[in-house]
Number of protein chains: 2
Amino acid sequence: MKESTQQERELPLALRAAYMALHRNTEAAFAQHGVTADQFVLLLALSEGQALTQRELADRISSDPSTVRAMLVLLEKMELIQRASHPTDSRAKTVALTASGKRKLRKLWKAGQSIRDEMYRCMTPDEVDTLICQLRNITSTLNQEKSLV
Amino acid sequence: MKESTQQERELPLALRAAYMALHRNTEAAFAQHGVTADQFVLLLALSEGQALTQRELADRISSDPSTVRAMLVLLEKMELIQRASHPTDSRAKTVALTASGKRKLRKLWKAGQSIRDEMYRCMTPDEVDTLICQLRNITSTLNQEKSLV
DNA sequence: TATTGTTATACTCTATAACTATA
DNA sequence: TATAGTTATAGAGTATAACAATA
């Protein structure tokens, strides 16, 4: 007899609730900086791999090219990012943080520190590692191609 | 020396990526049923506590009263839910699933079964329980009032 | 032919503020 | 006064399809 049946059916909802709470807290923390939580994720992706193309960005933040473009247009208006033509592929554009964008990102990172602290306060470092590992497993399982099924 | 520092800073992103993957898969699975993932969550909340008010619903799906209203208007057009005046509080309205809404929810539950199976396939039942527990801790920590800080 | 990006378009969710009616 | 819901309004993210230019 499985004792966890009732809990098991609530994993998706628990995942959603946790993400929603994180998202809401992040939006609130970034509101005064004029940046949304999703824009922050995009900036963060840019800070890790410089000079990404828009398509690469879309993959990284698991979004759509046209969605990414809409976000980039907004960020470019704020002068946080800059697009330039790709050195070898003239179809493509490279996207990079501006100096102002890097400063903004550092501010945002600080503004979000208390949120991360709260999350980590719930558990030990080992538990954090395990949790991240499980979340990544879920992500990669769900992102596998379903074409063969 | 902490060995998990590098991983730790990625918990928020890992949480986001997992939720995004879940959300995307769910949207795809429900597309042919004409219902969004968020609408499904709302229907699910209604199936658990019958005759909720709109405010109670907003709290449950951790959303906004006006957002909930917009969603309810759509669902009412589809005849999946019905609103009626509250028996004792004439300001309030109670919301309930229609018979058609209950049928739709059962279909959606089936349509999403393979997604849940994939999630659970990543781990043991015990791990699922632990994971849910941690996610709930994160949720409640992040949802605590920040007014005292 | 396939791919990168753009454009047009539309829909859902989100959220604030002002408002009505009721508790 | 506080609360439940409505309305108007606005913006962000999402996504599809058609298109141009290039690989």
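Proteins come first, then strands; the chains are lettered A, B, ... in the order of their sequence lines, and each starts at number 1.
A sub-4.0 Å separation between OP1 or OP2 of D/dA15 and a side-chain N or O of B/R24 is present. For the OP1/OP2 pair of C/dT6 and a distance below 4.0 Å, the side-chain nitrogens and oxygens of A/R83 include at least one atom meeting the criterion. Of the side-chain N and O atoms in A/R69, one or more sit less than 4.0 angstrom from OP1 or OP2 of C/dT6.
At whole-Å resolution of the value, CD in A/E56 and C1' in C/dT4 are 11 Å apart. Going from atom CG of A/N25 over to atom P of C/dA15 covers 12 Å, rounded to whole Å. Atom CG of B/L75 and atom P of C/dC11 are 16 Å apart (whole Å). A straight line from CG of A/L74 to P of D/dT14 spans 12 Å, rounded to a whole angstrom. Atom CG of B/L57 is separated from atom P of C/dT14 by 13 Å (rounded to the nearest Å). The distance between atom CG of A/L72 and atom P of D/dT14, rounded to the nearest whole Å, is 12 Å. Distance CD1 (A/I61) to P (D/dT14): 7 Å, rounded to an integer number of Å. Regarding B/M20, its CE atom lies at a distance of 5 Å from the P atom of D/dT14, rounded to whole Å.
Where B/D89 and A/T88 each meet DNA chain D at their nearest nucleotide, the meeting point lying more 5' is that of B/D89. Between B/M71 and A/T94, the residue anchored nearer the 5' end of DNA chain C, judged by the nucleotide with its closest heavy atom, is A/T94.
For B/S90, whose side chain is taken as the heavy atoms from C-beta onward, the closest listed nucleotide among C/dC13, C/dT22, D/dA12 is C/dT22. The side chain of B/R91 lies closest to C/dA23, out of C/dT14, C/dA23, D/dA23. Side-chain proximity of A/R55 to the nucleotides C/dT6, C/dT14, C/dG5 is greatest for C/dG5. Closest contact between the side chain of B/Q54 and the listed nucleotides D/dA4, C/dT14, D/dT6 involves D/dT6. Of all nucleotides listed (D/dG13, C/dT14, C/dT12), C/dT12 comes nearest to the side chain of B/Q39. Of the listed nucleotides (C/dT4, D/dG13, D/dA4), D/dA4 has the atom at the smallest distance from the side chain of B/A92. Checking C/dT16, C/dT14, D/dT14 against every side-chain atom of B/D64, the shortest atom distance belongs to C/dT16.
Here B/Q82 contributes atom CD and B/T98 contributes atom OG1; the two are 7.0 Å apart, rounded to the nearest 0.5 Å. In this structure, CE on B/M71 lies 9.5 Å from CG on B/L57, to the nearest 0.5 angstrom. For the atom pair A/L97 CG and A/R103 CZ, the distance stands at 11.5 Å (nearest 0.5 Å).
Smallest separation of non-hydrogen atoms from B/A58 and B/P65: CB-N, 3.9 Å.
Cluster membership check: A/L43 shares its hydrophobic cluster with A/M78, using side-chain heavy-atom separations under 4.5 Å among Ile, Leu, Val, Met, Phe, Trp and Tyr.
Residue-level contact check: A/T67 touches the bases, meaning some heavy atom is under 4.0 Å from a base atom.
Side chain A/S66 to base D/dT16: a donor-acceptor pair is found below 3.5 Å.
Side chains of B/T36 and B/D38: no donor on one and acceptor on the other come within 3.5 Å.
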